[in-house]
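All remarks here apply to the structure that follows.
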Amino acid sequence: MDSQSRPAEKPSNGDVARIFERIADVLEIQGENPYKIKAYRNAVDTLRSLDEPVWQVAEDDRLDSIPGFGDAIRAKIGDILLTGTTNLYDRVKDAVPEGVIEILNLPGIGGKTVKQLYDTLNIVSIEALEKALDEGKIAAVKGMGEKTADKIRQSIERGRRYAAGVRLNQGVDIAGNIIHNLADCPHLTQLTVAGEVRRGCDFIGVIDIVGAATDFAAALDAFTTLNQVDKIVERGDKHARCVLHSGAAVELTLSDPADFAMLLFLKTGSQAHVARVTEMAKLTKLPSDEADIYAAAGLPSIPATLRENTGEIEAAQTGKLPPLITIDDIRGDVHAHTTATDGDFSIQEMAVAAKALGYEYMAITDHSHSLAMVGGLTPDRLRAQMAEIRALGDSLGIRIFAGSEVDIKADGSLDFDDDLLAELDFVIASSHLYNNQSRDAQTKRMIKAIENPHVDLIAHPTGRIILRRDPYAVDIDALIAAAARTGTALEINAAPARLDLKDSYARRAAQAGVKIMINTDAHRIVEYDLMHYGITTAQRAWLTPADVVNTLPLAEFEAWLKR
DNA sequence: GCCGTTTTCGGCCCGACTGTTTTCAGTCG
């Protein structure tokens, strides 16, 4: 954004967040006060999770009501809303080459390392870093060695693997944004999302959008000249693929209005699904919607989330498509945090918001004391919180379960003793620490937690953070077998960065008779809305309401807890 | 940079792990 000009439209929360993120990155490389950096990163998180436009908050003079926005950050937000930039950003944005920021964003490499590489070897890009690695220069830097060099090499490899895509929520947002920006294009009569985003994949390689157009060239021009487009990778008569400034790849494919249903079908399912259905379909006329195509193949319509050729065609042929779970089946979200640990809202606020969503019950499940960085609850603090929840009773019109997200210790024992666990209504066990054990050790450790009779649910069982961290080494089938044996539920964590269990694992778990819970792990009220990502993953896992414990009415859910 | 029943300065961000050290720095959750 040009620093001199007034922004044409109001900067979005994401625009403001990006500026603060860059400020934080540069300050980190410059070795600034870590608390200052943290303050900017906090502001980034706050902006991205705000459920209304920051310009609206500013216009209403309510910025000072947002925790973490002090004098300095409020003033900078004001500058950015007015001019599109702020002095500090202008000063720092060119202080460090772009490639250095890219290195900082590689998992496993922090500000200190980046600065040292920049200062001592003038490494300003990932390519330069790789060259220095190959020449043995990195291992020779003071304070580094062969193992550090290896770690950096792995980081680059992982970063490259992760760079080629976006998370589902990002795919949904980007597609929505592009469709919105092309809504006024007179050459397009229809426009909708297809491909991996429509199928609800956890990881999106290419964001596919399909359109019906009256003038292909003009419609593609409108697409390729959008503000967010960085470069055009490919352009044909009826399609164009672009890379956006954000790095995401987007492809727009067009057809005549009459062929749109076929295009949508072709661009939605996996290649194998589309190929098989196409071969089966005996079309005698142009399909007016996708149902016509499936009907011509002698099949009922197959939901987009199932179109992977993993048995859905056979199921459709034999009338055995599962009655997939929908968001309306969910009766409670039983994984939520409060200000007692790393959440942003009180017990009451979280409960009232859950009630407003129509839930019959919810659970407060703050972290346990081993997770020191978030101020995990000590036994005394947990008992105090439990008393607070019990005192609330049914006064808020929603059943609040007193729970805990207990950390699993290195040896598989839990962070609270059995007496305390027995006092709780609901116990989640999850692993945030000690995750780099061998596959065997990690599997044994997780199974030990599953076997604890107080544990109702294992949250985010593989620990992956999509595009950031691989799942830890664990024998998932052994965990599934243990959960089936003990009656312990496994979670589909709906946070789009997790979606853990992933679809294929959740499907195997359900087939083995394991009960699933779908939870948002909300740290803020707005995060309750992430439930639909968990539902999409559950659909991809072929789950029905009967597979998912938190579809049960309150009384039955309580009975399940006492199983 | 934020925050305040410790209120305009001085805490805040703790503990484990790793790799390079031989007493500690960097990174992460």
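Chain identifiers are assigned alphabetically (A, B, ...) following the order of the sequence lines, protein sequences preceding nucleic acid strands; residue numbering begins at 1 within each chain. The analysis underlying the following values was restricted to heavy atoms, covering all of them including side chains, and did not include hydrogens, waters or symmetry mates.
Phosphate proximity of dC17(B) to N436(A): absent, as no side-chain N or O sits under 4.0 Å from OP1 or OP2. Of the side-chain N and O atoms in T113(A), one or more sit less than 4.0 angstrom from OP1 or OP2 of dT27(B). At dG15(B), none of the side-chain N or O atoms of S370(A) fall inside 4.0 Å of OP1 or OP2 (strictly under the cut-off). The side chain of R469(A) places no N or O atom within less than 4.0 Å of a non-bridging phosphate oxygen (OP1 or OP2) of dC28(B).
Side-chain N/O atoms of N42(A) and base N/O atoms of dG1(B) include no donor-acceptor pair closer than 3.5 Å.
Taking all atoms of both residues into account, the shortest heavy-atom contact from A459(A) to I428(A) is CB-CG2, 3.5 Å. Residues A506(A) and A541(A) approach most closely at CB-CB, 3.6 Å, considering heavy atoms.
Counting any heavy atom pair closer than 4.0 Å across all strands shown, E28(A) reaches no nucleic acid atom. Contact annotation for N33(A): base contact, defined as any heavy-atom pair under 4.0 Å involving a base atom. Contacts of P67(A) with the nucleic acid, taken as non-hydrogen atoms under 4.0 Å apart, involve only primed sugar atoms and P, OP1 or OP2. No engagement by G375(A) is indicated, since no non-hydrogen atom pair under 4.0 Å with the nucleic acid exists.
For D71(A) and dG4(B), the CG to P distance is 12 Å, given to the nearest whole Å. We find that CD1 of I77(A) is positioned 13 Å from C1' of dG1(B), with the value rounded to whole Å. Straight-line distance from the OH atom of Y89(A) to the C1' atom of dG1(B): 20 Å, rounded to whole Å. Counting to the nearest Å, the P atom of dC2(B) and the CG atom of D64(A) are 12 Å from each other. The CG-P distance, from D45(A) to dG29(B), rounds to 13 Å in whole Å. To the nearest angstrom, P of dC17(B) lies 9 Å from CD of Q437(A). With rounding to whole Å, Y472(A) atom OH is found 13 Å from dG29(B) atom P. For the pair I23(A) CD1 and dG1(B) P, the interatomic distance rounds to 9 Å; values are reported in whole Å.
In this structure, H523(A) and H337(A) have parallel ring planes: the angle between them is below the 30° cut-off, well short of the 60° mark.
Atom NZ of K409(A) sits in a crowded spot, with more than 12 heavy atoms from other residues, nucleotides or ligands closer than 6.0 Å.
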Trace of the ring pair (Phe, Tyr, Trp, His ring centres under 6.0 Å) decision for F416(A) with H454(A)
CA-CA 11 Å; F416(A) 293 133; H454(A) 298 290; over 10 Å; no

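In summary, D25(A) and R41(A) engage in a salt bridge, as defined by a charged side-chain N under 4.0 Å from a carboxylate O.
Nearest-nucleotide positions on DNA chain B place I73(A) closer to the 5' end than the other of I73(A) and L371(A). Both R468(A) and K76(A) lie close to DNA chain B; mapped to their nearest nucleotides by heavy-atom distance, the more 5′-ward contact belongs to K76(A).
Base pairing of dC3(B) is made with dG10(B), judged by Watson-Crick or G-U wobble geometry with both donor-acceptor distances under 3.5 Å.
Each of dG29(B), dG1(B), dG19(B) was ranked by its minimum atom distance to the side chain of A39(A); first place goes to dG1(B). Comparing dT20(B), dG1(B), dC17(B) by their closest approach to the side chain of K36(A) singles out dG1(B). Looking at the side chain of K112(A), the nearest of the listed nucleotides dC17(B), dT27(B), dG15(B) is dT27(B).
Under the stacking definition used here (centres under 5.5 Å, planes under 30°), the residue Y35(A) qualifies as stacked on the base of dC12(B).
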